[in-house]
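It should be emphasised that the depicted structure is a prediction, and the values quoted were computed from it without experimental measurement.
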Amino acid sequence: MDLHLKDLFDRFQEQFGSGPGLGPGSGTCLMKVEGVAPNFIKSIFKASAALYRTDPWRRLRPGHFFGIRVGKDLDWSAKKQLFPCVQFIGGDGGDIGFYMFRSENDAKKMTGSRETIRVPNVELLRVTYERESLMFPSNRKMIKSLSLEASGTDRFPVIDVARCTSSGDMQFRDPSLEELRFVYAFMRAISLVHPLIQVDREGGPKWSKLMHFEPFIETVDVQWPPEFSKGYDLVAVTVSHPPGQVYEEKATSTASSTPTKYAEPPKEDAFDDVKVCSNAGSRQCAMCDKEVHGEQSLCCGQCRAMVYCSPICQKQHWKETHKSMCGLYKVMMEKEEELAMKIFMFPCAADQPCKWLESLDIHQKGMWRRRCSCYSHCPFGLLPVKGGLWDSWGGLDDEDYPRDSPFHNHLRDGISSPILLSGWLEYYNLRSLPLSSPVADILSHPLTVYHILTALSISSKNLLLKGKEVILHYLGPEGELDWMPAFAEVGHLLNGLGNIQIVMVGPEVPTNLSGTTSGIGSRVRVNLVRGVYQEEATYLPTPHVVVALNCGLDSYVSWVGALDLIKSRGTPAFFTDQNEISCTNAKKVLRSAGLHITLPVTPNPFRSPVKNQGTSCNLPSYSNGFVLGVNT
């Protein structure tokens, strides 16, 4: 009898809610929203599932308010932020979801100690996670017809806009397309930043059971889904706690979502010599290539990017080349904070690779041997292999590296499909890896490839979703030739659907390995071919996509022939490089080759979190830091 009553009570709670919340879904359906595309509905459900996996309700309660800014006020039809205040509900019982308010004042009015208060004429947007069995037929039909991604095992988001009338009744309506865009950007951003909030153990009343957090503000770039006419544009989303801590928006900003702040170059008589940190190690003068050490080196006082041995070299470099580039360098240096991945708990600066590896106890071990020059005498692809996966990852603790095993609990209605990821935090959560694990540094290569195939190349993604094979030409492999165990993760992320054939072509492929094929798991096959791409391409299977990681397009003459071939074939191609300057130079090379850039320079969510120090430039550089594409 007790079990029967408990089951009835649980079902009552599921259907009618308890604690904070306004009760069950209202019967609204996203298919009724004017102008909404089915693919955008899919993107919303994917973003919702990604947020659900990060479990914000574990720590966040209705009393925790968050300030939200998506782009600029001018980006929205009302010339202001649509829902600048958000709270999460369900962490202490009741409906699971989050509420978005028109103002912080509205949020405070509606938040009671145990219940959500119905305040007349206050409008809010609700996203509640409901079990499919309790949803209205129109929503169940939409989920089935569009094969929408579930949040957890059997929950799906229901999105509506609610308003309490003066008589106390609730009115509901479908959200507008613009409101859905706002919600999408918020879900993508909050998934990334809420785990970063630090508990303030000294803050708040001693008698309060509510967890208190340190003041927090973080801005992340969110990529709009390709369904929008602007394609791959990014929007800057700022999340703050408590609300009110937002970045000031300059009146002179353009209409783009992320303001650009180009600084005027300094006058020639206004040089400001700035000492470089003494622990920076050996550097190289950007003008004369002279080696300089520690405190002997200077950097440009305006952009702080270029390194010099003396004021004479600095002034000469300014006259010859730096004058036209200083403003751009300054902008890129200002982005260093945005690019740094603060979620990780291991040292993320590798100015001296050997010391960095030693600090993690993985120096000269396993795949990490390619992260410094100690094994440069050994040809790529021919590092001695001692044993299994544990040795490949340099003897890291078992919980610190991904096991060679499939992902579980990622089926819906018994159907598997590739796992779509938004970034490192989601991947680490999925693999239950601690943020102290450095494996992201090596996994950047395979996961960047996977990101390109499932997020940037729409044609490749569609082939995989249909269970077909994608052929990828991977140009110029070097250290990756010794990282095959890491590429096995691509096969696991496919989650039982589709196959990938990776053809690695380049002059660094060892002669004795050229022509060999190896299976990495059941869904990824790697072919190795030694030679120059344009000379070997005729003998290779026709690719669906071409990829070149950390390519240095402006550094190698041999790229000219490869780019001509890519242009003549019209093959979608993606290139990554370590910083924006190298990518800016890559754009010039691509345009001079007659290629049309369809994916502008974009921060790669799967860039290595480890910052590398250049010899003559202080620009933040990360392996696979930025990506751009042609023919996409």
Side-chain angles (χ1 to χ4, degrees), residues 14-15 17 21-53 70 76-78 82-83 86 95-100 123-163 170-188 191 222-231 235 410-418 420 422 454-455 458 461-462 465-466 497:
E14 286 288 344
Q15 192 162 359
L22 294 174
S26 59
T28 58
C29 180
L30 297 188
M31 292 291 282
K32 301 175 185 176
V33 176
E34 183 178 355
V36 71
N39 281 341
F40 182 45
I41 296 176
K42 292 181 180 180
S43 294
I44 289 174
F45 273 65
K46 289 171 186 173
S48 173
L51 172 59
Y52 190 89
R53 285 195 290 271
V70 179
W76 307 102
S77 59
L82 303 186
F83 299 99
V86 179
D95 307 322
I96 296 176
F98 59 88
Y99 287 176
M100 309 185 74
E123 189 174 67
L124 70 151
L125 186 146
R126 307 188 307 165
V127 178
T128 52
Y129 290 86
E130 298 185 10
R131 297 191 187 279
E132 185 177 7
S133 59
L134 300 174
M135 299 177 77
F136 281 79
S138 57
N139 279 320
R140 290 204 299 268
K141 182 178 179 181
M142 175 182 69
I143 290 167
K144 186 174 182 180
S145 63
L146 298 181
S147 300
L148 298 176
E149 184 173 347
S151 297
T153 54
D154 62 348
R155 290 182 183 267
F156 295 88
V158 173
I159 306 175
D160 58 27
V161 179
R163 175 190 289 269
M170 295 300 299
Q171 292 180 342
F172 301 95
R173 66 170 176 85
D174 290 307
S176 66
L177 181 59
E178 185 179 51
E179 289 167 339
L180 288 177
R181 291 177 65 230
F182 195 94
V183 174
Y184 173 86
F186 165 73
M187 288 193 294
R188 281 297 189 193
S191 300
V222 169
Q223 192 172 36
W224 290 120
E227 298 82 63
F228 292 135
S229 58
K230 291 185 178 181
V235 63
H410 279 275
L411 299 176
R412 188 177 63 81
D413 297 332
I415 300 174
S416 62
S417 62
L420 305 182
S422 59
T454 58
I458 304 303
K461 177 181 176 181
N462 289 336
L465 290 174
K466 292 175 182 177
L497 192 65

Over 60° means perpendicular and under 30° means parallel, so tell me whether Tyr184 and Trp224 are parallel, tilted or perpendicular. parallel
May I ask you to say whether Glu149 pairs ionically with Lys46, meaning some side-chain N is under 4.0 Å from a carboxylate O? no
Cationic N near anionic O, under 4.0 Å, Glu123 to Arg173: yes
Shortest non-hydrogen separation from [X] to [Y] and the atoms involved:
X	Y	answer
Met170	Ala162	CE-CB, 3.8 Å
Thr454	Leu420	CB-CD2, 3.8 Å
Val235	Ala185	CG1-CB, 4.4 Å
Cys29	Met142	SG-SD, 3.8 Å
Trp76	Val70	NE1-O, 2.9 Å
Ile159	Thr28	O-OG1, 3.1 Å

State the [atom1]-[atom2] distance between [X] and [Y], to the nearest 0.5 angstrom.
X	Y	atom1	atom2	result
Met135	Lys141	CE	NZ	14.5 Å
Ser422	Gln223	OG	CD	11.0 Å
Arg181	Ser43	CZ	OG	12.5 Å
Ser145	Met31	OG	CE	5.5 Å
Leu148	Ile44	CG	CD1	10.0 Å
Phe182	Ser176	CZ	OG	11.5 Å

Say whether, by atom type as modelled, one donor and one acceptor occur between the side chain of [X] and the main chain of [Y] under 3.5 angstrom.
X	Y	value
Tyr52	Pro157	no
Arg131	Asp154	no
Ser191	Met187	yes

4.5 Å side-chain heavy-atom contact, Pro175 and Val183: no
For the residue pair Leu146 and Phe45, establish whether any side-chain heavy-atom pair is separated by less than 4.5 Å. no
Centroid separation Phe186 to Phe83 less than 6.0 Å: no
